[in-house]
Structure formats: structure tokens, C-alpha cells
Amino acid sequence: MTQQQSPRPPSWMEKFLLWGLETDIAEDILGDLHELFRLHLQEKNNLYARWKYFLSMLSLLRLFRFKFFFDSLTFINLAMIQHYFIIALRNLRKHLSYSLINILGLGTGLAACLLLLLFVRHEMSYDRFHKNHDRIFRVSMEVNSGGTIRHVSVSPTALSPVFQREFPEVEKGVRIFSSGKFSPDVVRYESKIFQEMGFFFADSSFFDIFSFSLTAGDLRTALRRPSTVIISQSMAHKYFGTENPVGKILNLNNNRDYEITGVMQDMPPNSHFHADFLASFSTLNAAKEEIWGSANYQTYLLLQSPEAVYSLREKIPAFIQRIQQQLSGALGPETKLLYRLTPLTDIHLYSDAENELEPGSDIRYVYAFSAIALLILLIACINYMNLATARSVDRAREVGLRKVVGAYKSQIFAQFMGESVMITFLAVIFSVVFAKLILPTFNALIHRDLSLNFIQEPSLLLMLAIIGLIVSLVAGIWPALIFTKFEPVAILRGKYRTASGGSLLRKSLVVFQFVISVFLIVCTFVVYNQLQLIRQTRLGYDKDQLVVIPIDRDIAEKWEAIKGMFKSVKEIEQVSAVSENPTKVDGTYNLFKPSNEENSDLVQAIASDIDLVQTLGLEIIAGTNYTPASALREDFPFILNQTAIKMLGWEPQEAIGKPINLNRRAGFVQAVVRDFHIASLHSQISPLVIFLSPFDYNETLVRITPGDPQKALAHLEKIWKEQAPHRPFEYHFLDETYQQLYQSEQQIGKAFGIFAALAILIACMGLFGLASFTTVQRAKEIGIRKVLGATVMNILTLLSKEFSRLVIIAVVIALPLAAWVMDSWLSNFAYRVNVSIFTLLIAGGLALLLAWLTVGYHSLRTALTNPAETLKDE
Amino acid sequence: MKGTYLGELEEIVLLAVAALYDEAYGVSVKQELETRMGRGISVGALHTAFKRLEDKGFLQSRLGEATAERGGKRKRFFRVTVYGHRALTEARDLRSKLWDAVPPVAFDFS
């Protein structure tokens, strides 16, 4: 009695030892271990005893008869391998449809996996090409004003020089100013005038820190003097063709001339910023003194060592204390500041800072895509497993006979593993062709420039080989084990007829495949729904038929005249000049109430002329719109949105006429407009103030009549050419800019769609193959049923029922999972759809329908077979 | 030479088997080594030593009867052979010769 109740040594370890040790010593060793186990059990507890047992097991590995295993391998000689190869090929040909399903399924899975891996690898490779990438850190500012925390990627001019002087950790620093980020620049060489977005200024230390190389000019001196510029190779081609650009003069914004001192290679796609022009920082007025107050510059520091960042981070708070005096003038007493150091290689995937030089990506998407790649590959592997085991009946006699004439288990195992390796190898070839074919489409979809070139990158080949090997192992091991276990006597007596062994596992695997498929379908639907919402949300202004044209100071000066000419065109309805358009209002201002001079509220603000309200189509809910007289006033008439009024604690009606103050601009509330979106739907509508200020115009908004936009644009261009010959006529439509706010979501949505489709395709292929085998196996049963009077419909339902049950189980598992995951994705949006039951049901229904259609073909064929056909041979 | 060479662990195991005389089997030798020498030894190391000693002919073994505390497995009892005894004596003689060769001054640390 007590014997049975007390714990016994773990049986799997005992089995393992019995398997590995020579039989004549195994008994006595196991006896020793058993005795020790009991002693340890009395000494402490079960866990301790098991642990000791485990350690002993490891120590006994040295006594294992490995020699025996190696000896058995010599049975697999060349002749046998050749033989296996022939058998495998014959089998491939004999069951062609089955082989095709396997190869195409695995190949599609591998291709999807390959593409996603390329994408993930590209995302992870950002900025790693710099020789010192592990020592470069970007300084950003975290500003905490009264609880509102903003993290911006910019820093003041003083930071780089002062840090280099004060901290021994800092070896070098560089300041970069992206001029084109605020408004596009105009570059002119003789008669060639282009609008450029990639005009940068940088300290001469730029090339000491970043590993970009020059094809002409001298790295060390190229950015020394003021008014010098380095241009990229593609710009050299654009402006100078085949001429040598070095020494030539470029003009910027009809203003200053720059001498070209060098040509650099184009920055690679996996750089987090792309400068086409790199002018010397000393050209800027900002370079003349070290200022803490205003921050418009990216600062990158090269540290002595990657670890130096820790000690530097610790010193920063004390440093800020010291310069507090200089800072408080610019920031206000209640604002706290912190300089943060971001590793260069983290900027693309991890940065949460605002106004990065270029929008980054998100590490979560990298994870998501890696997971999808893995899941799709798993679905394909499961297909192979299920099909191989389901049709084990076909090969049972072969295995039985092999065993009878003396095949070892290890030989059977090796034979079937070999077959799986062969099929995977064919699938790999197919996947490379397939991936090459769809790579351009994939690139266009995700706006990347990935390439699949095995000659340039032999490492890809190695990666592919390793993936192929892993896949063949994962897919092949279970079928191979099943074949190994066959009892030759039972098979050759004809007992072995159905592949019932492992059918539970097979069913679970089918369920698993459909869980993944349904999950991806739901994800696609939800992303699509959210994008639909974004497209249809009433933004509070009319984003269609709005043309945006960037302007500069010269044009702003004679704006009223140009505006008059624009307005006289028949196809133009409204014109207004603004500092920023509503797709992205960046400028942050302090708003004061006269009763409380000390404390201010942070608001967004747009500087405009008097026609903004009607140009955007805003709705005034209190007060009156600007009139021509408003522009002539000494004080500032403000138009506020509802959120701003609510923040100030007023009702719209009572607010009219109340005095307020925006960054030292004293004025009063002229009107209140209904809230409209001034950023992407990721964020809530913030308080907004509109004020009149001709000095701040950066763009014009032109509303054209519906219909053919080309006509209106032609008129605009003609006026532009006359009035602003120094600037090319370049424009974009506001709704396009709006769409770009959601570029990453759109890419994700499309990518999800494609991979969900692939997943369900592969899963259905597997189902198709599985159905074909089960229906063949049940052919006799169906025949008898038909003889006894079953209708075609009866049989169809009978055959579909089993598969339907599996798919329904999968749907039940997948839906809550998908709902939960997508809900957390949607929480990124301030304005979002909900994951509706309707969406979930449609996704589930779709999966079920596809499964029915897949199984239906075989079911119908079997159901329509004449029972005499199947029953005649018995 | 190779056949009669006695490793340090082997020597100790051989001595322990001799000390336990009729009761020398895996667990008892293991415990003997642990209590007398204060030295833990893994089951694997011990049985490797047994196997080598038996291959060299220093030990011979017989199987005892099965007991419940061993999960129905039989014990293997070991006994030192004549060769084993000779190897032990040789090892001890070799050592005492070396000891004798040491001049007293070598250990004079005062």
C-alpha cells in the first residue's frame, strides 16, 4: 500500500536510461538510482529527489552506448540513399496532387516567411551601417509643463558645444538642422529651379560621427567655411548632369549663394534621415552664439564608449540645475526639462519623440510581422504532417515489408525524414521563385526597397537553407515516427486499414490552423474598418478640393495682391494663407487669461489671413467671422475652438469679447468655431487658437470648384509664374496629405490582408488534401449508405459535419482572441471603431464557408459515385 | 603498464570496495566515499569507475536478489580480485618509496 502511495522516480528518465545504457549494467544502476531516490525523498522532498535523479541521469550519459548508434548509421549507405531517392520520387509522381499541395503549401508559406523576414531584417538594420553606431546617441528634450509631457527630438544650439566641453564622456557632437522640414526650400542653379525637402545644415564634425562617404571633395574641410554645401550624387545628377559640380554655386530660396565643396553618396534607405544637401552649420545665424532658449536642432553625440551613456545620463539632472538660470527665461517657472539620450539604432523603431526628421516605424509591427511569418510557416508544416500521416495507409505495406526484410527503425525514420527534406527542398525552390515574383508588389505596398539577391548576399542562402532544414524537421518528425512504429505483422495481415492513430492530434492541428486563419481575417477586417472610419469621419472641415501651395517670405509680402488675382479665377472658390494646414498643426503657444498672468495653458495655434474660416468650411457657433477691418486692428481678434473655450471654463456665448493673450499678443475672443480635427485621429482634438499674422504664412490653401482640377491648376500656375518666378509651382492636395497621416496603418492593413489570405489559402489546401483521403477511406461506407437509401444531401452533410465541427471550434477560440488583440491595437486611436460582433461573425462565417467549399468538392464527388463502383470488389 | 595503471578515483573506489567487503554495491560505496572522504561522487562517475575496474580485472561482481526499495532491481555486489589487491599494494609501495625518497629538509618550513 505504502509502496504505491510514495512517489516513484520519474518514469521517462528511467525509460531514457534503459534505452541508453547497456542492458547488463542498466538493471543495477537503475536499482541504485531507485534506492537513492528513496533516500533523498526521506531526506527532503519529492522535488529534491527528482532533481538529484535528473543530475544522476546527466552524469550517466557518459556510459551511454553511442558507439552502437554510430554503428547503426553505417547501414545507411550510398546504395540505400539512392534507393530511397528513387522511391521518394516515384511517390511524388504517383500522388501528384498530394505532392503539389505539399510543395505549393510549404512553398507559399516559405515565400511569405521570406518576405516578412526581409522586411524585419531591413527594419532592424536602420543606422547600423555607421562604423560607430553603438557610440552615437541623439539628444532629445522632455518638457513637462504642468503635467503635460512632450518629448521632442530637437535640442538647443548650446547643447553640443557645451556637452563636449563639460563632459569627458562626449568625444564629439554634431548639430543638424533640417531646413526643409518647416517649409520646402527652393534651390536654383542657373535656370534649374526645384523645390527641395532634403536641405540640411550640419557641423563640420558630421563626417567624424556618421560614416557617410564623399565621392568628391575633402571630408575634413568640406563643411568648414560658411556658405558651403555638399550635395548627394542624385542631386549632382539632377542639377549638373555629367558636369563636375564641385566649385559651382547654388542659390537657396532666392537668397544666399552656396559653393559646392563635395559630393556625397546618396544616404542608404535604412538611414533614419536623408539629406540631399548638407550645408555648413556655420552659415546659420544660430551658429554665432550658444543659446539654451530655443530648440530647433537635432544633436548627435559620439561618446567615448557605448557604456559612457550611463554615467552621462546620471550627470544630466545636476547639469540642468546649473543652467536653470538661462532656461527659465525661455520656459517659464513651472516647466521641468530633461535631456534624453537615445541610441542611434533605436531611433527608427523605438523613438516616441515628436517631429523626428522622418517618421519612424514601431517595434511592435516588427514583432507582429515576425509572429505572422512564424504562424504561416507553422500552418504549412501542419499541412505536411496531416497529409503525410493521413495517407500513412498507402505506405503501410511498404514499411511493413521493409521491416520484414530487416530494416532498422532508424532506417525507416531516416527514409521518411529524407522525404520530408526533399519536399521541403522543392518547396524552397518554389518559394524563391514566388517571392521574387511578388517582391515588387510587396515593396510598393509597404513603401520599402527590399531586394532578394542571393549573389550579393550569400548569407540569405544560408538563412533559407537553415529555415528549410528546420521546416523539414518540424514537419517530418511526427510522420516519420509514426511510420517507424508500424507493426509489420498487423500490416501484412491486412489489419491496418484506417489512419485512426493520432487522429485527435490531427484534428487539433486543423483546429490550430483555422484559429490562426480566422484570427488574421478578423485583424484584417478590423484594420479595414478603422481605415474606413478615418476616411469617413467628419473632420469638421472640408478636406476635398483643397490645394496646398508652400510659399516663402517674398510671396507673403505681396500676398494680398496675389490673393486678389487667385480669387479672380472662375474655378477658384476661396483662398487663404496659413502657417500650418489642419492635417498637422505643430506650433505650440502659451495662452494667458488676463485674470491669471502667472499661469498659462498650452494651445495649438494657426496664423492665418481673414479668409481661413470660409476656405476650410469651418462652422462658427458664436461670434462673427473676421472682416477686412479685423486685419487693420491694433490688438488681436482670436478665433478659438470649442475645446479651447471649455479649457478656459467659458460657455461659447459668454466668451465673445473676453480679453486673452497669446504669447504676448493681447487681444479678445472674436468667435468660437465647432471643433475640427487638427492632427491624425490618433490624438484628441487639442485646444486651438486662430490669429491674424501675415509674418507667419508658410502655405496657401486654395479651394477649387469641383470638377476638373487641371483647369484651375493651370490658371494658378500662370499667375504663379508671373508673380513668383523664383519659386517653382509645386502643390499637393490636402486630402492626399491627410491620407499620408495613416500611411503606416494602410500598409499594415494591406499587409495583413495579404498574409491572412495566404494563411487561409494554405490552410484550405491542407483541408482539401485531408478531405480527399478521408473520403476515399470512407468510400465503402458511403456506398453501403447509398445502397440502404441515403440521399446525396445526407451524405454531403455527413462528410462536412466533421470538418465543420473543427472549423467551428477554431472560430470559437479565435474570435475572443482576435477581439482582444485588436482592441488593444485600436486603443492607439483617440477616435476608433469598436470590434463589432458583426465583424467577428462575418470573419467566422467566411472561414466556415471556405472550409465547406474546400471539403465540398470531395464530398460531392464521393456522394455522387455509383455505389456499385466502390462495393464491387468485396 | 596501461592495463595496471590505477587512477586516483579508481584507487579510492577500489579501497572502498575492499573496506565494505561483502556489502560493496553502488549505493553503499557512494555513501562510504561521502562519509569517510567527505567527497560527493556522481552515480555516473562511480559506475564508470566500476566498469573500468572490472574491465581491468581488479573487481569482480555478482548479482544479489531484488528488493522492494530498489524498485525490484537486483544489486550488483563487487569484490576486489587478486589483481586488484596487487594493484593497490603496488600503488601504496610506489607512494611509500617516494615518501622515503623525500629528504626531511624538504618539509622543513620553520
Side-chain angles (χ1 to χ4, degrees), chain A residues 1-69 71, chain B residues 7-10 12-14 16-17 20 22-81:
Chain A
M1 277 307 283
T2 49
Q3 178 66 29
Q4 280 188 339
Q5 277 159 4
S6 72
R8 293 180 53 85
S11 64
W12 70 267
M13 293 200 218
E14 282 193 321
K15 276 187 190 149
F16 178 66
L17 288 172
L18 266 177
W19 171 76
L21 291 169
E22 269 170 62
T23 26
D24 56 332
I25 60 166
E27 177 181 356
D28 116 76
I29 292 181
L30 277 171
D32 280 3
L33 288 175
H34 199 107
E35 208 177 324
L36 285 169
F37 182 82
R38 283 171 61 96
L39 288 174
H40 290 138
L41 203 62
Q42 285 160 15
E43 211 177 309
K44 280 195 183 153
N45 52 25
N46 189 9
L47 197 68
Y48 175 74
R50 278 166 165 269
W51 173 240
K52 282 285 184 185
Y53 200 103
F54 179 68
L55 290 182
S56 301
M57 185 186 79
L58 291 187
S59 78
L60 280 164
L61 283 178
R62 71 182 87 174
L63 280 169
F64 272 33
R65 22 169 208 172
F66 289 113
K67 204 164 162 291
F68 170 78
F69 299 125
D71 286 349
Chain B
E8 192 249 1
L9 179 73
E10 286 171 14
I12 292 170
V13 170
L14 202 53
V17 170
L20 286 164
D22 229 7
E23 280 303 315
Y25 72 102
V27 176
S28 68
V29 172
K30 186 166 150 54
Q31 284 169 335
E32 180 77 3
L33 291 177
E34 271 160 18
T35 48
R36 295 255 170 136
M37 318 261 315
R39 161 169 177 170
I41 179 171
S42 73
V43 181
L46 184 64
H47 277 276
T48 314
F50 280 153
K51 190 169 150 46
R52 289 209 184 122
L53 288 169
E54 205 170 0
D55 288 349
K56 289 176 189 171
F58 297 160
L59 283 179
Q60 61 184 27
S61 66
R62 65 181 168 86
L63 287 171
E65 64 268 28
T67 51
E69 64 263 28
R70 289 173 62 83
K73 308 278 191 320
R74 288 176 292 178
K75 285 177 186 173
R76 183 184 296 270
F77 289 107
F78 292 93
R79 182 176 269 183
V80 181
T81 63

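As a basis for the values below, the full set of heavy atoms in this structure was taken, side chains included, without hydrogen atoms, waters or symmetry mates. Chain identifiers are assigned alphabetically (A, B, ...) following the order of the sequence lines, protein sequences preceding nucleic acid strands; residue numbering begins at 1 within each chain.
- A salt bridge does not link A:Glu27 with B:Lys73: every distance from a Lys NZ or Arg NE/NH1/NH2 to an Asp or Glu carboxylate oxygen is 4.0 Å or more.
- Within a 6.0 Å radius of CD in A:Glu43, more than 12 heavy atoms belonging to other residues, nucleotides or ligands are found.
- Contact annotation for A:Leu33: only side-chain heavy atoms (C-beta onward) come within less than 4.5 Å of a heavy atom of chain B.
- The CZ atom of B:Arg70 sits 9.0 Å away from the CG atom of A:Leu36 when rounded to the nearest 0.5 Å.
- Only the side chain of A:Leu39 comes within contact range of chain B, with heavy atoms under 4.5 Å apart.
- Taken from CG in A:Leu63 to CZ in B:Phe50, the straight-line distance is 11.5 Å, to the nearest 0.5 Å.
- Enclosure of atom CZ in A:Phe54 is not indicated, since only 12 or fewer non-hydrogen atoms of other residues, nucleotides or ligands lie within 6.0 angstrom.
- Proximity of A:Asp32 to B:Leu46: side-chain heavy atoms (C-beta onward) are nowhere separated by under 4.5 Å.
- Residue B:Ser42 holds its OG atom at 10.0 Å from NZ of A:Lys52, rounded to the nearest 0.5 Å.
- With chain A as partner, the option from B:His47, B:Lys30, B:Gln31 having the largest number of non-hydrogen pairs under 4.5 angstrom is B:His47.
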